[in-house]
**Q** 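Okay, handing you the structure first.
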Amino acid sequence: MGPFLYVTDLHGDRRKYERTLSLAVETGAWLVLNGGDMFPHGRMQEDQGEFLREFLDPHFARYQEAGIRYFGFPANDDLRVHDPLFDEICSRYPLVENIAGRKVAAGPYEFLGFNLVTDFPFRLKDRARMDDGAFAFPAQFGTGVLSRPGGWEEIPDWKAYARTLPTIEEELAALPPPGDPSRAVYVIHGPPAGLELDVVRGGQRVGSPATARFIRTVRPRLTLHGHIHESPDESGVWMGRLGETVCIQPGQSASGLSVVVGELEEMRFDRRILPVGCNG
Ligand SMILES: [Zn+2]
């Protein structure tokens with residue numbers, strides 16, 4: 001069935017979207033997986049909505065025309081207020097799926113997506129959760145905010161609010177179970193703890209212990225992560241194993257497109273950094 005491509009944290013970079021599509025065509029890929037943080041940076045609601053309508057919608061149409069499947073989801077920098085629009089756009093293209101919290105069968109495999117993240121210092125809390133019941137919150141940059149239609153809801157006491165939400169551990173446990181874990185591929189935006197896939201600038205490890213435990217328990221074929229763009233540069237590691245499960249976090253490069261070309265049958269993976277040119 002040919003290779004698949006995995007990209008993550010494109011943050012609205014149109015050149016990286018274009019390069020991903022051209023690489024998919026060049027390599028004969030049957031599927032592109034996007035690990036989230038798909039829309040432009042920033043807290044301007046209009047910018048992200050415009051990107052969805054003006055770029056992502058026609059971009060997905062090109063995947064549909066090319067006969068290439070595209071599975072992705074919005075993650076922590078993609079405002080939750082745009083989830084209905086993202087779903088609406090995906091629903092126009094039979095080959096395009098929002099896999100957040102869902103299980104989608106494709107060929108002999110099942111793909112499951114998870115777009116909530118372990119809490120961080122940043123103020124936008126649309127998809128932030130305590131990792132587990134014993135979670136120690138990191139220092140915060142300010143009060144929390146949630147995206148709401150037309151504006152923002154400020155959350156003055158974020159920690160108290162977060163304690164009312166299910167944890168990452170509980171949210172992962174609520175995912176639909178795979179039919180056959182050895183044929184299941186999970187796209188989980190945040191990296192697991194303990195594999196050096198979670199190293200931020202300066203060396204701190206911020207990965208999710210609950211995600212690592214979940215992977216060890218479910219034992220899927222493959223897990224794909226993102227979220228910490230700089231981690232592979234900091235640790236020198238982009239692939240690891242938890243038990244038999246291969247875990248990949250290719251990061252995202254400031255200088256080019258970070259992309260993994262993978263083969264699921266043979267379990268071969270190649271991480272590339274491709275130039276993307278300077279305009280577009
Ligand atoms: Zn992220």
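Atoms within each ligand, like the ligands themselves, are counted from 1 in listed order.
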**Q** Test your reading of the model: is there a side-chain donor-acceptor pair from Y63 to the backbone of L31, 3.5 Å cut-off?
**A** no

**Q** Count the heavy atoms of every other residue, nucleotide or ligand shown that sit under 6.0 Å from CZ of R92, and state whether that count exceeds 12.
**A** yes

**Q** What is the name of the N/O/S atom of D37 that is nearest to the Zn ion (ligand 1)?
**A** OD2

**Q** Assess whether a salt bridge exists between R241 and E196, defined as any Lys/Arg side-chain N lying under 4.0 Å from an Asp/Glu carboxylate O.
**A** no

**Q** Identify, by name, the N, O or S atom of H227 lying closest to the Zn ion (ligand 1).
**A** ND1

**Q** Check whether any N, O or S atom of D77 sits under 2.8 Å from the Zn ion (ligand 1).
**A** no

**Q** Indicate yes or no: at least one non-hydrogen side-chain atom of Y186 is less than 4.5 angstrom from one of E110.
**A** no

